[in-house]
Structures are given as structure tokens and as C-alpha cells.
Amino acid sequence: MPSPRPAGQVAAVLKLGTAQTLAWASSYYLPALLAAPLAAELGMPVTRVFGAFTLALVISALVGPRAGRAIDEHGGRAVLRFTNLLFAAGLAALGLAQAEWQVWAAWALIGVAMGSGLYDAAFAALVRFYPLSARNAITGITLIAGFASTVGWPLTQWGLGAVGWRGTCLGWAALHIVLGMPLHSLLPRGRVEEAPPVRSAPDAESASNTALPSTHPAGNGVAFVLAAVFAIAWFTSTAMAAHLPLLLQAQGLSAQAALGVAMLVGPAQVAGRLLEFGFLRRAHPLLSSRFATAGHPIGVALLALGGPLGGWLFALMHGLGNGILTIAKGTLPLVVFGAAGYGERQGWLMAPARVSQAFAPVLFGLAMAHWGGHALWLTAGLGLLALALLQSLAWHMARQPRG
């Protein structure tokens with residue numbers, strides 16, 4: 001039978017999920033609408049605004065391990081409240097910027113906030129609160145925050161029309177103070193569940209509902225495999241987010257059809273998270289990770305074979321896989337390594353992914369310039385490589401002695 005849900009866990013998930021929606025909407029999804037008016041007023045190329053955003057992503061990769069260690073040692077409540085101050089300061093600095101160097105400095109500060117206040121930090125906080133039942137809680141957060149672009153882009157667009165880009169930045173900064181900080185202040189002060197004892201060979205049900213330490217000796221080789229898989233996954237998802245409509249047009253779809261197909265990715269990601277929460281919740285995260293990693297290569301093959309219909313199937317498979325992998329990056333290391341030191345380890349595992357994410361739009365843009373629509377075979381090949389790495393990890397773990 002599944003373990004009973006700890007008291008207050010649903011409330012904690014709602015608070016963290018709402019705070020994560022705010023954090024993602026006011027950082028990761030901000031440049032898409034803000035870059036052009038900001039660049040026009042300050043007289044700088046739009047590409048340099050996105051360059052400053054890339055700097056923020058690189059800084060977030062450097063900050064992640066230290067932020068995770070702080071959550072391991074002091075808990076998520078204090079760290080996440082501090083990140084609201086960082087977000088507010090960075091966004092306010094961006095809204096008040098009068099020169100290009102100030103834009104870069106503001107995004108650098110926002111990068112520190114992103115490295116210590118987005119999904120990895122929220123996952124680490126949950127693992128510290130609920131080391132026995134964090135998997136479903138992690139899924140719950142991603143279900144809520146999966147609508148960050150759905151909420152954030154309309155709010156940013158409304159702000160641009162009502163108060164301009166400066167007022168919009170200051171508005172997002174204020175929300176971190178009046179909404180984000182109170183939500184984080186209401187989180188538990190310490191561990192709610194006792195840390196799990198070392199036990200032997202968890203079955204599929206216990207693996208899905210608990211954070212039991214791995215019964216396999218998971219060393220640096222396993223960490224390298226997971227870091228590589230996450231880096232590939234985040235390179236592909238960011239490349240698709242930046243280039244998908246034009247990429248689909250290069251595959252022969254009309255501009256209208258390409259936009260419609262691209263818009264399907266978001267709902268498909270949410271569907272993937274619902275699939276993980278429902279059908280796959282009893283499966284070991286290594287199984288759901290392999291299923292998800294195969295989604296993009298299968299989608300590319302369907303696009304190549306299916307013409308216009310293949311485009312819709314591609315968006316569905318890519319979105320499903322990407323949605324499940326967002327959860328797997330939190331749950332797979334938890335089951336493989338256990339809850340001890342989760343925050344710092346998660347920071348190191350995700351550092352390569354953040355760097356690959358930062359440079360994905362530029363690198364995949366170069367691939368498109370050389371290969372056109374055939375650039376999709378690059379990401380398909382990377383997806384197959386990630387799948388092979390996960391399969392080798394499954395074989396490795398199956399051969400290790402349990403106990």
C-alpha cells in the first residue's frame with residue numbers, strides 16, 4: 001500500500017508550486033517579451049540582451065551546488081526566502097538600468113537567484129522536508145509551475161502595455177516581496193518526516209513512493225551518466241523552445257501550421273507530468289526516464305515519415321518526454337543516491353545542464369544555418385545517446401549486489 005501522505009504536504013506543494021510559477025515567469029520567461037523594448041530604449045542590440053540572459057544561466061550553474069548545500073544544512077525555508085530578495089533586487093536593478101553594463105549586472109544578480117531559487121532548490125527543500133515521500137510532491141510542483149509561461153507571458157505583455165518594460169520589471173520585483181516571501185515563510189521550519197533507514201532492494205511500489213537510499217553503490221560514474229543525460233535533455237528542450245516554429249517550417253510546414261504544432265508542446269508537457277503522476281508513479285524513475293528520453297527521437301522519426309501529421313505527433317512525443325524528464329531530474333537522483341546530501345548533489349548534477357541550456361539557442365541556430373530542417377537529426381542522435389546511457393546504467397545497477 002502507498003505510504004500515507006504526511007500532514008501539510010499538499011499545502012507545502014501548493015505554496016512551493018505557486019512560488020515557482022512566480023520565479024520562472026519573472027526570470028526564464030521574461031526575455032522573450034522584454035528584450036526588444038529594453039534594447040530599443042537603451043540603444044543596444046537585442047542579441048546582447050539575450051547574451052546577458054545567457055550569462056545569468058551560466059551563473060546559475062555555478063551557484064547551484066552551493067545553494068543546494070545550504071538547503072541541505074539549513075533547510076529550504078530560509079534559502080528560498082533569501083532568493084526572493086535576490087530576484088526582487090535583480091529585477092528592480094533591471095527596471096532602473098540606464099546603461100548596457102547595468103543590464104548585464106542585473107541579469108548576473110538574477111542568475112544568482114535562479115541558481116538558488118528554481119526547481120532544483122525547490123526539489124531539495126521538499127526532499128529535506130519529506131525524505132520518504134518526495135517523489136509525488138516533486139511531481140505536484142512541476143504540475144503547478146508548468147503553467148509559468150501561460151501565466152507569465154500574458155502578465156508581462158499586459159505590463160508592457162500598461163506601465164512599460166521598466167514598470168513591468170518593478171512589478172515582478174514587488175511580487176517577490178508581497179507574494180513569494182510570504183509563501184516561503186509559511187513552509188515547514190524543519191524535517192517533517194524522519195530520514196529513511198537503509199533498507200534492502202525496494203520494490204517498484206516503494207521506489208515510487210519513498211526516497212529510500214539506493215541499494216546499489218552509486219559512485220562518480222553513475223553521477224557522470226546522469227549529468228550527461230540531463231545536459232542532453234536540457235540542450236534539446238531549450239533548442240526546441242527557441243527554434244521550433246522556424247525548424248518546422250524548414251521541414252515543409254506552413255507558418256500557421258508550424259505555430260500550431262509548436263503550441264502543442266506546452267500542453268503535451270503537462271500531459272507528460274500527469275502521466276508520471278498517474279500511470280508511471282509506481283514505476284522506478286529509471287524506467288520512466290528511459291521512456292521519456294525516447295520521446296524526442298521517436299517524434300523526429302514520426303515527423304520525417306508522417307508529413308504534416310508527423311509534425312503534430314512530433315510535438316506530442318517531444319512534449320510528453322520533456323514533461324516527464326522535468327520530474328525525473330528530481331526523482332531519479334533521489335532514488336539512485338538517497339536523500340542525504342541531495343541538494344548539493346543536485347546542484348552538481350544539473351550544472352552541465354544549465355550550461356548546455358545557456359548555449360543551446362546559439363549552437364542549434366548554427367546547426368540550422370548549416371543543415372536546415374535536418375538539424376533535428378542532431379538532437380535525435382543526442383536523445384538516442386542519452387537513452388543508451390540510461391540503458392547502460394540500468395544494466396550496471398542490475399549487476400550490482402543488493403543489500
Side-chain angles (χ1 to χ4, degrees), residues 3 64-65 68-69 71-72 119-139 141-142 193 195-234 273 276-277 280-294 321 324-354 385-403:
S3 304
R69 185 191 307 168
I71 293 174
D72 290 337
Y119 272 151
D120 296 331
F123 294 168
L126 279 175
V127 169
R128 198 171 190 274
F129 298 149
Y130 310 108
L132 286 167
S133 57
R135 179 176 182 180
N136 290 339
I138 287 172
T139 304
I141 285 182
T142 64
E193 295 176 331
V198 176
R199 294 167 59 181
S200 60
D203 59 19
E205 182 172 341
S206 65
S208 69
N209 291 296
T210 71
L212 296 175
S214 172
T215 58
H216 306 279
N220 291 336
V222 174
F224 173 82
V225 167
L226 293 182
V229 169
F230 296 149
I232 289 171
W234 263 249
R273 291 167 187 172
E276 161 68 24
F277 187 72
L280 293 175
R281 68 191 300 179
R282 296 183 180 277
H284 194 287
L286 188 54
L287 176 62
S288 57
S289 298
R290 283 177 285 173
F291 171 79
T293 304
I324 295 171
L325 282 171
T326 303
I327 300 169
K329 76 169 185 176
T331 58
L332 185 53
L334 179 60
V335 172
V336 170
F337 292 100
Y342 175 91
E344 182 177 8
R345 184 185 306 110
Q346 193 72 357
W348 286 113
L349 288 176
M350 289 304 299
R354 292 177 187 267
L385 173 60
L387 180 60
L389 289 171
L390 288 174
Q391 185 60 53
S392 69
L393 177 58
W395 288 335
H396 168 75
M397 293 178 65
R399 289 196 301 266
Q400 296 302 312
R402 299 174 182 265

In terms of heavy-atom contacts, Arg345 and Ala340 come closest through NH2-O, 2.9 Å
Contacts of type salt bridge (Lys or Arg N to Asp or Glu O under 4.0 Å), residue Arg69, not counting sequence neighbours
Glu344
How many angstroms lie between atom OG1 of Thr142 and atom CD1 of Ile324, to the nearest 0.5 angstrom?
10.5 Å
Salt bridge (Lys or Arg N to Asp or Glu O under 4.0 Å) filter on Arg273, not counting sequence neighbours, yields none
What's the separation between atom CZ in Phe123 and atom OG1 in Thr326, rounded to the nearest 0.5 Å?
7.5 Å
Give a yes or no on whether the backbone of Gly330 and the side-chain of Tyr342 come within a donor-acceptor separation of less than 3.5 Å.
yes
For a side chain to side chain contact (heavy atoms under 4.5 Å, CB included) with Leu390, tell me which candidate from Leu287, Leu385, Leu286 qualifies.
Leu286
Could you point out which residue of Ile327, Ile138, Ile141 forms a side chain to side chain contact (heavy atoms under 4.5 Å, CB included) with Tyr119?
Ile141
Smallest separation among heavy atoms of Ser288 and Pro285, with atom names
OG-O, 3.1 Å
When every non-hydrogen atom of Asp72 is compared with those of Gly343, the smallest separation belongs to OD1-N, 2.8 Å
Which pair of non-hydrogen atoms, one from Ala328 and one from Ser289, has the smallest distance, and what is that distance?
CB-OG, 3.2 Å
For residues Thr293 and Ala386, report the shortest heavy-atom separation together with the two atoms involved.
CG2-CB, 3.5 Å
Taking the side chain as everything from C-beta on, heavy atoms only, tell me whether Leu387 gets closer than 4.5 Å to Arg290.
yes
Would you indicate whether the side-chain heavy atoms of Lys329 and Asp120 approach each other to under 4.5 Å?
yes
Between Trp234 and Phe230, what is the ring plane arrangement, given parallel below 30°, perpendicular above 60°, and tilted in between?
perpendicular
